[in-house]
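Okay, structure first, notes after.
On a predicted model such as this, the values are computed, not experimentally measured, just so you know. Just so it is clear: chains get the letters A, B, ... in the order the sequence lines come, proteins before strands, and each one is counted from 1.
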Amino acid sequence: MTTPTAPEIRQQFLDFFATRAGHEVVPSSPAVPHEDPTLLFTNAGMNQFKDVFLGQGARPYIRAVDTQKCIRAGGKHNDLEDVGHDTYHHTFFEMLGNWSFGDYFKSEAIDWAWTLLTEVFEIDPTRLYATWFEGDQAQGLEPDHEARDLWLKYLPADHVIPGNAKDNFWEMGETGPCGPCSEIHVDRIGGRNAAARVNQDDPDVLEVWNLVFIQFNRESETVLNPLPARHVDTGMGFERLVSVLQNRRSNYDTDLFAGIFDRITDVSGARPYRGHLEDPIDIAYRIIADHARCLVAAISDGATPGADGRGYVLRRILRRAVRHGRQTLGMERPFLAAIVPAVVEILGDSFPEMREKMPRVQEIIGQEEEMFRRTLDRGLQLFAEAAERSSDGQISSIDAFKLHDTYGFPIDLTQVMAEERDMSVDAEGYEILMDEARSRSRGGGDVHDPVLTIPPDVLGKLDFLKVKPTDDHAKDLGTPTTGLIKAIWDGRHLCDRSQHGQRVAVILDRTCFYAEQGGQVGDVGEIHVARGSSAGHDHVGILEIEDTRRVGDYVLHIGHVSHGAVATGDECEVAIDAHRRAAIRAHHTTTHLLNLALRAVAGPESDQRGSSVDADRLRFDYAASGPLDPFALEEIESRVNAAIAEGLDVHVAEAPLDLAQKVNTVRAVFGERYPDPVRMVAVGPTVLNLLEGPDDPRWLERSVEFCGGTHLKNTAEAEDFVVLSEQGLAAGIRRVTALAGAPARAARLETAELEKRLAAMESGSSTEPIDAMIRDFEAATISVVDRHTLGARIETLRATAKTARKAAAAENRGAVVDAAREIADSTEGDAIVARIDGADKDALLSAMDTIRAARPDAAVLLLSADAQEGKVVIVAKVPKSLIAEGLKAGDWVKAAAQACGGGGGGRPDSAQAGGKDPARVEDAAEAARAHATASRVS
RNA sequence: GGGGCGUUAGCUCAGUUGGGAGAGCGGCUGCUUUGCAAGCAGCAGGUCACCGGUUCGAGACCGGUACGCUCCA
């Protein structure tokens with residue numbers, strides 16, 4: 001028998017379920033889940049079907065088979081530190097899976113798994129073991145005898161093993177769908193009974209496949225409810241399967257990794273990979289190969305290394321790979337980008353996006369590696385300082401921790417470097433500090449608002465109660481409508497009624513509210529119950545709606561009862577805040593125009609990466625390698641305004657997805673899944689025009705997007721468009737913030753106001769201080785284009801004002817120094833007290849220098865009254881000889897300052913003070929003279 | 001999401017208990033020279049990120065904002 005290759009094995013799996021059992025072959029969802037912010041990375045095959053299990057979504061098929069890109073490197077499943085040290089941990093792996101959505105269950109799933117493993121893959125049946133759930137009394141869970149009995153059809157009793165809740169009861173999270181599971185394990189050795197080694201982390205007896213039977217929803221730690229529909233979710237680790245079928249003892253000894261190892265050998269010049277577990281060089285090989293696969297998968301799906309969230313996880317992975325490459329394989333220069341093609345060579349056929357995005361992936365990895373090099377350089381310097389400080393040959397725990405926590409210098413590197421200097425590191429103290437930091441940063445876990453969503457079993461109940469999906473066709477018009485209250489959800493229960501002050505989510509039979517979706521915020525507004533309920537009660541209630549969300553096909557109106565009470569069955573009048581909606585519509589339509597303008601100005605690579613459409617502004621995030629210059633921003637602003645001036649009609653219609661995607665100008669959002677039929681929003685041409693001639697080059701100048709949002713009827717209604725700012729969000733992602741409609745008009749007014757003031761200053765007809773102008777200018781909400789032009793003019797003014805100020809100060813200082821000379825010449829005694837009005841602190845100190853140059857042995861106290869500013873400045877210096885006689889500068893100025901409503905202090909030889917009452921400056925001078933005399937008498 | 005650190009001249013960074021904003025490199029000028037980062041002297045260059053507070057007085061202390069780095073989840 002010839003050894004099958006990895007691609008062959010993958011294909012056999014997909015074919016088996018597709019041809020024998022009618023499964024739909026579904027592509028992997030992205031390894032970076034754009035739609036689910038609660039999840040750092042796709043970490044299991046079920047992620048892309050989560051909405052189905054939650055009862056919030058459906059698919060056109062009830063059986064599916066796929067291979068899913070998975071990353072486990074952050075959050076709950078974190079295998080990062082294990083990778084490299086054993087034969088089977090990965091940060092990136094493929095999960096093969098077959099799925100039943102309310103269709104087949106345990107018996108079919110187990111039969112097919114057995115057939116595939118023993119007949120198609122020809123695994124020796126005596127090497128297979130199966131586990132089943134033994135039940136858990138504490139949680140009130142029954143044993144899964146059904147699964148046990150199904151396995152006993154194929155396996156002898158000593159190969160069918162019971163397992164506890166930890167191993168054999170699968171849960172999606174603390175709450176949510178769950179159920180018993182059954183694992184299949186393979187003994188690589190054979191010819192023995194390995195039952196005792198199952199689930200013992202024995203590298204030769206490993207779990208290959210987990211069959212999960214989802215039949216409950218967990219509401220809380222103690223409450224489990226049966227699900228309306230039961231599902232099957234299976235997951236088989238592809239790399240493990242390949243190692244078994246290729247008869248290798250390590251996942252890393254398969255053709256999934258060989259090509260990557262060869263490439264690392266070429267790039268590093270190190271000796272080839274030998275596959276030893278303890279060998280540092282082989283460990284480095286495994287780490288680099290695994291991490292390279294992970295980085296390629298994540299970055300080609302749109303993630304970028306960064307400072308938080310998934311970006312931070314990627315940064316750590318990259319740094320770990322780079323460190324092992326440098327420390328162990330001796331690669332001084334950036335190398336990781338050069339490994340990428342080897343990864344793409346192996347995985348690119350299964351995941352075409354890797355091939356497509358390869359140049360960009362290499363660019364991002366190259367930049368990040370360069371950045372890490374700078375961090376290391378800085379760390380080296382700080383390490384040297386820390387080593388210098390150490391007196392006992394040990395780097396202190398505080399230094400080690402600070403190097404790590406504040407400067408990102410990894411602890412193991414600190415240890416290596418310490419050893420090179422025959423020093424050690426206080427690792428225990430470091431761990432204590434690290435634990436403290438960890439518990440500090442835990443703390444505030446976000447409290448999610450239970451009213452905002454509805455768990456699957458309650459959704460099932462709604463279905464049972466025949467609450468139909470909300471008809472929200474009226475949302476596009478947004479005009480007031482009437483409806484019936486079908487359900488009230490208080491975050492825990494469905495209620496019949498809700499009273500004044502309560503916060504609830506209300507489901508109506510129909511609504512004109514728009515639920516948050518596609519970046520557009522949900523509507524706010526009011527729901528009035530004006531008449532009695534069907535039961536004839538005579539009551540009135542008002543709901544203030546603060547937010548609108550969608551759960552499955554229901555629209556949730558979230559708010560509190562501000563007056564009276566409301567009950568299910570009530571008829572109500574439904575009205576959104578129409579002014580707010582108008583601003584939102586203007587922002588949404590101009591967001592589309594902005595997207596188009598960006599493509600024209602910044603190039604076709606500037607894909608949308610996020611969007612927020614609110615009443616007071618819009619934000620648009622896009623992929624970009626660098627910032628937009630002022631001319632590009634001006635071009636974008638004027639392109640959008642040109643489309644507004646044209647008065648183009650906005651057409652909205654649904655179209656079959658396959659036809660819609662053929663339209664040449666459509667720009668789909670990366671990683672987004674679109675429904676079929678899809679809703680098209682076209683600015684200019686009608687949807688019919690587009691579908692009839694999808695290749696018409698004229699469309700390329702028009703905006704056409706797949707979008708569920710609410711839009712203007714005609715671009716002219718937007719009136720104006722203003723780009724507020726353009727800034728970097730993360731490496732490779734930039735954000736444009738902009739305004740349209742009324743907020744844009746306000747911005748233009750503000751610009752006009754500033755321009756008027758500026759012009760007055762330029763012509764000399766205004767004496768307004770430039771500093772006030774600059775403050776207002778910086779705080780202003782105005783177009784970035786206007787900011788640029790006004791900014792240049794302000795800069796000119798500022799430079800002029802600065803020169804003038806300096807000249808005035810120099811002149812003043814000249815006059816002050818002249819006065820000082822006179823004082824030096826005309827004053828008797830060795831304690832000089834004199835006034836030089838109109839001098840600021842610096843000028844007064846210059847005067848001081850002048851006098852002391854002429855009279856080195858004299859103590860000098862100078863006062864300056866500034867009637868305009870309303871204050872008095874006092875400085876004093878006393879030579880050593882007079883300090884000895886009891887005259888201290890600090891006391892001296894204090895005595896003077898107190899006489900004119902102030903205070904002050906300083907050293908005995910030099911002090912400064914201030915007073916608040918210029919009218920009493922002569923009193924202050926008198927007090928100073930008195931103090932000088934009195935202090936020296938005593 | 002929660003911490004830590006940073007932001008001072010064109011660049012790299014000092015700045016002690018709050019009391020006159022500094023160094024090195026770079027720039028300009030002059031001199032001396034002209035073999036490897038030349039030497040000497042002089043000069044210019046700063047809303048100490050921004051806003052508010054405490055104070056007679058803030059680069060420094062307190063609060064907030066922005067940006068950057070970094071750690072943890």
I want to verify a distance call: between [options], whose nearest atom is closest to the [X] side chain?
X        : options             : result
A:Ala913 : B:G20, B:U70, B:C56 : B:C56
A:Tyr312 : B:G4, B:C72, B:C56  : B:C72
A:Asp849 : B:C69, B:C71, B:G20 : B:G20
A:Met434 : B:C72, B:G3, B:C69  : B:C72

Student check: side-chain heavy atoms of [X] and [Y] closer than 4.5 Å:
X        : Y        : answer
A:Ile71  : A:Cys294 : yes
A:Leu336 : A:Glu368 : no
A:Val878 : A:Asp909 : no

Expressed in whole Å, how much space separates the [atom1] atoms belonging to [N] and [M]?
N     : M     : atom1 : result
B:G15 : B:U8  : P     : 14 Å
B:G59 : B:G22 : P     : 14 Å
B:A38 : B:G26 : P     : 8 Å
B:U65 : B:G30 : C1'   : 48 Å
B:G20 : B:G4  : P     : 32 Å
B:A9  : B:G24 : C1'   : 12 Å
B:C61 : B:G6  : P     : 9 Å
B:U16 : B:G63 : C1'   : 25 Å

Practice task
Evaluate the ring-ring contact (aromatic ring centres under 6.0 Å, His included) criterion for residues A:His404 and A:Tyr430: first the C-alpha distance (whole Å), next the side-chain angles of each, then the deciding distance (0.1 Å), finally the verdict.
Solution key: CA-CA 10 Å; A:His404 164 79; A:Tyr430 167 85; 5.8 Å; yes
Value in whole Å for how far the [atom2] atom of [N] lies from [atom1] of [X]:
X        : N     : atom1 : atom2 : result
A:Ile874 : B:C56 : CD1   : P     : 13 Å
A:Lys402 : B:G3  : NZ    : P     : 19 Å
A:Arg315 : B:C71 : CZ    : C1'   : 11 Å
A:Arg438 : B:G4  : CZ    : C1'   : 15 Å
A:Asp891 : B:C56 : CG    : C1'   : 15 Å

Within the structure, does a side-chain N or O atom of [X] lie under 4.0 Å from either OP1 or OP2 of [N]?
X        : N     : value
A:Thr375 : B:U70 : yes
A:Gln912 : B:C56 : no
A:Tyr407 : B:C5  : no
A:His404 : B:C72 : yes
A:Arg319 : B:U70 : yes
A:Arg316 : B:C71 : no

Problem - Closest-nucleotide 5' rank along RNA chain B - winner of A:Phe409 and A:Ser846 - result: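 This one resolves to A:Ser846.
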Practice task
Taking all heavy atoms of A:Ala298 and all of A:Val32, pick out the closest pair and write down the distance.
Solution key: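 Where A:Ala298 meets A:Val32 most closely, the heavy atoms are O-CG2, 3.5 Å.
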Is there a Watson-Crick or G-U wobble partner for [N] with both distances under 3.5 Å, and which nucleotide is it?
N     : answer
B:A58 : none
B:C5  : B:G68
B:C31 : B:G39
B:U17 : none
B:A73 : none
B:G63 : B:C51
B:G45 : none

Practice task
Tell me, yes or no, whether the heavy-atom count around A:Leu380 atom CG, taken from other residues, nucleotides or ligands under 6.0 Å, exceeds 12.
Solution key: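 Atom CG in A:Leu380 is crowded, with more than 12 foreign heavy atoms closer than 6.0 Å.
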Handout entry: Heavy atoms from other residues, nucleotides or ligands near CD of A:Glu822 exceed 12 (cutoff 6.0 Å)
Key =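 Atom CD in A:Glu822 is not packed in, count stays at 12 or less.
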Handout entry: Donor-acceptor pair present, A:Lys871 side chain and B:G57 base, under 3.5 Å
Key =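 Result: no qualifying N/O pair found.
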Exercise for the section: May I ask you to say whether A:Arg549 pairs ionically with A:Asp547, meaning some side-chain N is under 4.0 Å from a carboxylate O? Expected result: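 Looking at A:Arg549 and A:Asp547, the cut-off is met.
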Problem - Distance in Å, A:Asp837 CG paired with A:Leu863 CG, rounded so as to fall on 0.5 Å steps - result: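 It is 8.5 Å, given to the nearest 0.5 Å.
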Exercise for the section: Give the B/S/- string for nucleotides 42-49 of chain B, one per nucleotide from 5' to 3', where a protein heavy atom under 4.0 Å of the base yields B, of only the sugar-phosphate yields S, and otherwise -. Expected result: ---SSB--
Handout entry: Stepwise side chain to side chain contact (heavy atoms under 4.5 Å, CB included) check, A:Arg320 with A:Ile317
Key = CA-CA 5 Å; A:Arg320 192 161 179 262; A:Ile317 292 172; 5.8 Å; no
